Amino acid sequence: MAEDPRDWEIETRAVRGGMARTPYGEISEALFLTQSFSYDSAQSADDRFAGNAPGFIYQRFGNPTTEIFEQRLALLEGAEACRATASGMAAVHLSLMGLVKAGDHIVAGRALFGSCRWILSEWMPRFGVETTYVDATDLTAWKNAVRPNTKAFLVESPANPLLEVTAIGAVAEIAHAAGAKLVVDNVFATPIFQKPLALGADIVVYSATKHIDGQGRVLGGAILGDAELMTSAYKDMARHCGPALSPFNAWVLLKGLETLELRVRRQTENAAKVADVIGAHPKTQRVIYPGRPDHPQAALIANQMSGGGNVVAFDLGSRAAAWKFLDTLEIVDISNNLGDAKSMATHPCTTTHRSMPEAERLEIGLTEGWVRMSVGLEGAGDLSRDVSRALDAA
Ligand SMILES: Cc1ncc(COP(=O)(O)O)c(C=O)c1O
């Protein structure tokens, strides 16, 4: 009997999911760098455009390489359907635009990646869509923010940059009671450590730029959910608005998926060691890492995540100390990206979150002393030494 890929272990799904070979029997997935496709006859073009016959039409609507990536990621996530996008921000934007119309309302966790906040605060209001931000750890705040016209909830969990975690199941219940859909940005947890759809979310979004590539090469994104919602909310919009992922990038991301599990687990082992070095250093005022028992939401994390991930945040008390730390690092790069094989650290107040008004930054606890570090695949001993030396200097 043919194997059902949905029954495979996660490692097998990441390596073989969605595989579709050409008659050449290639081992590495074929890269179809083609904008359009030809038809055997005028009738066959008519049939494909009408949706009565399978087959590709145009790269903006679909591509065989991109489709392997979509199917592999869907299998990894346990989702019925996936739509790949040109970047993580295209995924976040599309995921919300497909759920709302003028006059609707969104509720969002207040600790969000800067560009997500820009979409909600600056962009959506131009189309008559308002957002209420809430402390994502406070279930009563989610409930109180609901209005009769609320159509979508958006949350990042763990959130950027202070790694707050949201009770996804409980927030999904509140969203559903209000007739709204819950969108979860699962970038920090990765499909390896958290499955928002299984916890009750309706849509998961990724920046595939992060761990899925994980080697600093291409941008990409993805939206995942059940087949009916993915079709009704996003199919036409993706086809006509044009956020498609390049097949070349899809191919690179496919290679990334093959090693995702291995990389993320090793990064997480390294992150746990680095977090302990940071936590034990006298210059550290506070360290937050979802894999440590002193994370304020350790019990919730144990319930909904199977690993702490590779990002560590820590407070060195002042901007001067945070900058001195960054400037003393020799191995770890100063960079605002995350999920890469190379470790990188950033000062969120002056980089990723600089567009956030100071009052809002302080509301989420993001003071000038915070550093966010994405731990990579270097040797844990080298990383610990680099971080210790930089902390001594801070
Ligand atoms: C949590 C989160 N969501 C979305 C994005 C956007 O992804 P991209 O840079 O691929 O557009 C980022 C980072 O850039 C992120 O950290």
Side-chain angles (χ1 to χ4, degrees), residues 66 69 73 77 82-97 108-121 123 133 136 153-166 168 182-194 196 201 203-224 242-246 248-250 252-253 256-257 260 264 267 288 290 305 309-313 333 335-340 344-349 351-356 364 366 370-376:
T66 307
F69 171 67
L73 187 56
E77 191 67 37
C82 170
R83 182 159 294 272
T85 56
S87 68
M89 285 321 304
V92 172
H93 182 222
L94 192 71
S95 74
L96 295 172
M97 286 299 254
R110 65 189 181 191
L112 281 178
F113 177 57
S115 297
C116 303
R117 288 205 47 131
W118 184 86
I119 287 181
L120 295 169
S121 300
W123 182 245
Y133 292 106
F153 278 25
L154 172 69
V155 72
E156 207 175 280
S157 182
N160 192 9
L162 298 186
L163 307 167
E164 274 170 6
V165 175
T166 298
I168 293 172
L182 171 62
V183 179
V184 176
D185 183 333
N186 205 37
V187 162
F188 277 63
T190 82
I192 306 302
F193 293 141
Q194 181 168 268
I203 293 291
V204 173
V205 290
Y206 285 107
S207 164
T209 314
K210 305 296 183 298
H211 309 79
I212 294 177
D213 176 0
Q215 290 149 87
R217 299 162 297 190
V218 300
L219 293 190
I223 306 176
L224 299 109
L245 178 68
S246 143
F248 178 78
N249 289 3
V252 173
L253 295 171
L257 281 181
L260 178 71
V264 166
Q267 285 171 329
I288 302 187
M305 291 177 69
N310 81 313
V311 180
V312 183
D333 286 303
S335 178
N336 46 285
N337 202 9
L338 62 97
D340 201 272
M344 29 191 84
T346 195
H347 181 240
C349 276
T351 61
T352 50
H353 289 67
R354 69 174 298 136
S355 62
M356 207 170 172
I364 65 165
L366 183 57
W370 283 95
V371 173
R372 187 197 77 190
M373 182 167 167
S374 167
V375 181

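One is the number of the first residue; the rest follow in order along the sequence. Since the structure is predicted, the reported quantities are computational estimates derived from the model, not experimental observations. Both counts, for ligands and for their atoms, begin at 1 and track the order of listing.
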Side chains of R117 and M356 in contact at under 4.5 Å (non-hydrogen atoms): yes
Looking at ligand 1, is there an atom of it that comes within less than 4.0 Å of some heavy atom belonging to G220? yes
Among all protein heavy atoms in this structure, tell me which lies nearest to atom 15 (C) of ligand 1, with the distance rounded to 0.1 Å. F113 CG, 3.9 Å
To the closest 0.5 Å, what do you measure between CG (D213) and CG (D340)? 7.5 Å
Among L338, V92, D185, whose heavy atom sits nearest atom 3 (N) of ligand 1? D185
Report the member of R372, K210, M89, E156 with the shortest heavy-atom distance to atom 14 (O) of ligand 1. K210
List ligand 1 atoms under 4.0 Å from S87, heavy atoms only on the residue side. 10 (O), 11 (O)
Nearest heavy-atom neighbours spanning E164 and A111: OE1-CB, 3.8 Å
Can you confirm whether the side chains of N336 and R372 place a donor and an acceptor under 3.5 Å from each other? no
Measuring from atom CE of M89 to atom OG of S115, what distance do you get when rounded to the nearest 0.5 angstrom? 5.0 Å
Donor on one side chain, acceptor on other, Y206 and T190, under 3.5 Å: no
Which of the atoms in ligand 1, numbered in the order shown and given with their element, are less than 4.0 Å from a heavy-atom of T209? 8 (P), 10 (O)
Short list, please: which atoms of ligand 1 are under 4.0 Å from a heavy atom of N160? 16 (O)
